[in-house]
Amino acid sequence: MKVTEHIAQAEQCLFSFEILPPLKGQDINAIYHTVENLLEFNPPFIDVTYHREEYQYVEKAGGLLEKRVVRKRPGTLGICAALQSKYDIDMVPHVLCGGFTKEDTENFLIDLDFLGINNVVALRGDAVPTEVYFKPEKQGHSYASELVAQINGLNKGHYLDEELKHSHTTDFCIGVGGYPEKHMEAPSLEKDIAFLKQKVEAGADYIITQMFFDNQKYFEFVKRCREEGINCPIIPGLKPISTIKQLSLLPHRFHVDLPQDLIQAVEACSSNAQVKEVGVEWCIAQSQELIEAGVPVLHYYTMSRSENIHKIAKAIF
Ligand code: FAD
């Protein structure tokens, strides 16, 4: 079933979460463990992130540098296929512009369709770590809105080869990313919301937000989206803070602010075990307030570790 159908049929707020493929060299059992630990909360869908290639420079004799292309977390497609068939839960692979030509994208979508996976989240992806700005592939997409348009086109039977006649129409439900605190590259929140609207007009069915720690930011974002005529579901994404280091790491990596009360509570901790407790309590309070405000789904970023998410879900669902 599609994410939007799950939302339409739900009588109460749904629980869902995001997992990462394991690092190359590990097996899938840790993923099964994470999912099984959270099954009791009946997730109707689970997201799996996509991780594009990175470049590494290895020093060779004579000081020469050799550029190597590595993919640290392959396996998005395999994990989705394995979990959907093992647990009969709808899987939502993330699909990126970065590293994909339009043809790669089409072929990836055909694989998903054949596997019975008809939910995706369409994203641009970040710049590779060795580059400052995002660079699309020569025959690829520059923005997520273009990727959404391609997926939506396939839903109408439009393949890249225009000569194909009577082609199969796919039926993808398309999610896109939204940023309550603005995407780091956008000149203003207003402009970012205008681009978000382009994604919805290109065919996106729902929005899933970047993590935030202050619900007012989400409420204000939703209000502004509605004022701009974005009427689809906006699913809040939540992450419990779990280490002292994340006080600086999360703002750096995700461009989000942390509320002063949360910072003080974390700074008062003498161990990461205590920080985890603070993070769980904060996330429970955020979740409760969001449910009271009538959000359709609470979507948790697990980083593939489920203990803290289990504690939060136990208190909420
Ligand atoms: P876009 O919507 O394309 O926006 C990118 C930037 O361009 C924004 O600043 C926007 O304002 C601007 N923009 C948009 N359209 C235009 C235009 N026409 N002209 C000029 N500017 C424009 N990354 C991964 O690598 N793998 C994942 O699995 C992954 N999952 C994610 C899940 C969620 C819910 C979210 C919120 C993010 C995720 N990301 C993931 C990170 C994401 O790839 C980055 O945040 C990326 O930098 C932006 O992706 P986007 O789809 O929001 O881009």
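For ligands, and for the atoms within them, numbers begin at 1 and follow the listed sequence. We're numbering straight along the sequence, starting at 1.
The distance from ligand 1 to the heavy atoms of Thr49 drops below 4.0 Å at these ligand atoms: 28 (O). If you number the atoms of ligand 1 from 1 as listed, the ones under 4.0 Å from a heavy atom of Gln198 come out as 18 (N).
The proximity of Lys199 to ligand 1, defined as any non-hydrogen pair under 4.0 Å, is limited to the side chain. By the criterion of a heavy-atom distance under 4.0 Å, the side chain of Tyr179, and not its backbone, is placed next to ligand 1. Contacts with ligand 1 closer than 4.0 Å are made by side-chain heavy atoms of Tyr301 only, the backbone lying farther away. At a heavy-atom distance under 4.0 Å, only side-chain atoms of Leu96, from C-beta outward, approach ligand 1.
Scanning the protein heavy atoms around atom 7 (O) of ligand 1, the nearest turns out to be Tyr143 CE2, 3.5 Å. Protein heavy atom in closest approach to atom 31 (C) of ligand 1: Leu123 CD1, 3.5 Å. Considering only non-hydrogen protein atoms, atom 9 (O) of ligand 1 sits nearest to His183 ND1, 2.7 Å. Looking from atom 12 (C) of ligand 1 to the surrounding protein, the closest heavy atom is Phe195 CD1, 3.8 Å.
Residues forming a ring pair (Phe, Tyr, Trp, His ring centres under 6.0 Å) with Tyr50 (at least two apart in sequence, or on another chain): Phe100, Phe108. The ring pair (Phe, Tyr, Trp, His ring centres under 6.0 Å) search around Phe41 returns Phe15, His310, not counting sequence neighbours.
A salt bridge links Lys223 with Glu227: the distance from a Lys NZ or Arg NE/NH1/NH2 to an Asp or Glu carboxylate oxygen falls below 4.0 Å.
Close N/O approach between Arg124 and ligand 1 is found [any backbone or side-chain N/O within under 3.5 Å]. Taking only nitrogen or oxygen atoms, main chain and side chain alike, His94 reaches within less than 3.5 Å of ligand 1.
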